[in-house]
Amino acid sequence: MTAVLEAKSLSKIYETDTTIIHAVDGTTLEITSGEFVALVGPSGSGKTTLLALLAGLLDPDRGEVVINGQNLRKMKEKQRTDYRLRNIGFTFQANNLVSYLTVQENIELMLQLNGKLDKEGKARVLQLIDRLGLSQRRHNLPSQLSGGQQQRVAIARALVHDPSIVLADEPTASLDTELAYQVVATFADLIHEQGRAGIMVTHDLRMCIYADRVIQMLDGRIDAIISDKQAIESFANQGRSLAQHP
Ligand code: ADP
């Protein structure tokens, strides 16, 4: 299967007055359509930096990011911004919903930015709202929603413009366990159903249960890759016992 997202020998170095930090150190990976990958590892292991490099939000010092065969580095700034906007969806830990827009308007905003708020786009917004169980809430403001509902709106917003790649940075950080499972299960289902490539950074190993592949980072490098279903289950179970006996 052809890769939707390819990272080739990606490196990012941060220099401070006293130290040089290899935040991402020669990382190579490929993600195909319909694949949901969990990116895990201790704090400071380079997960967020890698996600930002894959999204084209940060420039690598070395290496390349290729999306659907197109090399981000070979694009001019404006072209890269447009390409990113069209091809990548994001959700962040803080869901960044616009407080004075309703659920429906928040999702539509993403289409507006892409110039896709036509009849078809509007129909897709309603379909996603329905699929994410938000129909009763579509005219509510974010402040009138629970944390789980807000995160669902953020997921809808990341998917509505039909991106081939969806990146999620700690999407369950502010949720209790039950809601976290529900949100990640729905996210994984949508990635599978819609044939997108999904990457989720998470510190909660239990959420890996929904992943097709778990990539473990350490000191800016890929330390382990788990792709066997049973091995992923036991990895996620370790997370459960850690959560019960921290
Ligand atoms: P993680 O997401 O796994 O916690 P990060 O990607 O945030 O890891 O960070 C990787 C390493 O890079 C850490 O040592 C962190 O302190 C360092 N780092 C991240 N961003 C910066 C920055 N803007 N300036 C300097 N060092 C940074």
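Below, all heavy atoms of this structure are taken into account, side chains as well, without hydrogens, waters or symmetry copies. Every number for a ligand or one of its atoms is a count from 1 in the order of the listing.
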Checklist entry - Can you tell me if S43 has a non-hydrogen atom under 4.0 Å from ligand 1? => result yes
Which donor-acceptor pairs under 3.5 Å do side chains of residues 41-48 form with protein atoms, sequence neighbours excluded?
unit_1	atom_1	unit_2	atom_2	d
S45	OG	P42	O	2.6
K47	NZ	G41	O	2.8
K47	NZ	P42	O	3.1

Next on the checklist: I'd like to know if atom 8 (O) of ligand 1 has any protein heavy atom within a distance of less than 4.0 Å.
Outcome noted: yes
Checklist entry - So which heavy atom in the protein is nearest atom 4 (O) of ligand 1, and how far is it from that ligand atom? => result G44 N, 2.7 Å
Item to check | For atom 3 (O) of ligand 1, the protein heavy atom that lies nearest, with its residue and separation | outcome: K47 NZ, 2.8 Å
Checklist entry - Does G46, backbone or side chain, put an N or O under 3.5 Å from an N or O of ligand 1? => result yes
Item to check | Polar atom proximity, T48 to ligand 1 (N or O, under 3.5 Å) | outcome: yes
Item to check | Proximal atoms of ligand 1 relative to S45 (non-hydrogen, under 4.0 Å) | outcome: 1 (P), 3 (O), 8 (O)
Checklist outcome for this item: atom 23 (N) of ligand 1 sits nearest the protein heavy atom Y14 CE2, 3.6 Å
Checklist entry - For the side chain of E6 and the backbone of L29, is there at least one donor-acceptor N/O pair under 3.5 Å apart? => result no
Checklist entry - What atoms of ligand 1 come within less than 4.0 Å of a heavy atom belonging to P42? => result 3 (O)
Item to check | Those atoms of ligand 1 less than 4.0 Å from some heavy atom in T49 | outcome: 5 (P), 6 (O), 9 (O)
Checklist entry - Going through the distances and angles, do R196 and E35 end up as a salt bridge (Lys or Arg N to Asp or Glu O under 4.0 Å)? => result CA-CA 7 Å; R196 308 189 196 282; E35 188 181 24; over 6 Å; no
Checklist entry - Regarding N68 and S164, is there a side-chain donor-to-acceptor distance under 3.5 Å anywhere? => result yes
Checklist entry - Does ligand 1 have an atom under 4.0 Å from some heavy atom of G220? => result no
Checklist entry - N/O to N/O below 3.5 Å, does that happen between A23 and ligand 1? => result no
Next on the checklist: With the threshold set strictly below 4.0 angstrom, can you tell me whether any protein non-hydrogen atom sits that near atom 15 (C) of ligand 1?
Outcome noted: no
Checklist entry - Mind checking whether F187 and F36 have ring centres under 6.0 Å apart? => result yes
Checklist entry - Are side-chain N/O atoms of E108 and Q104 paired as donor and acceptor at under 3.5 Å? => result yes
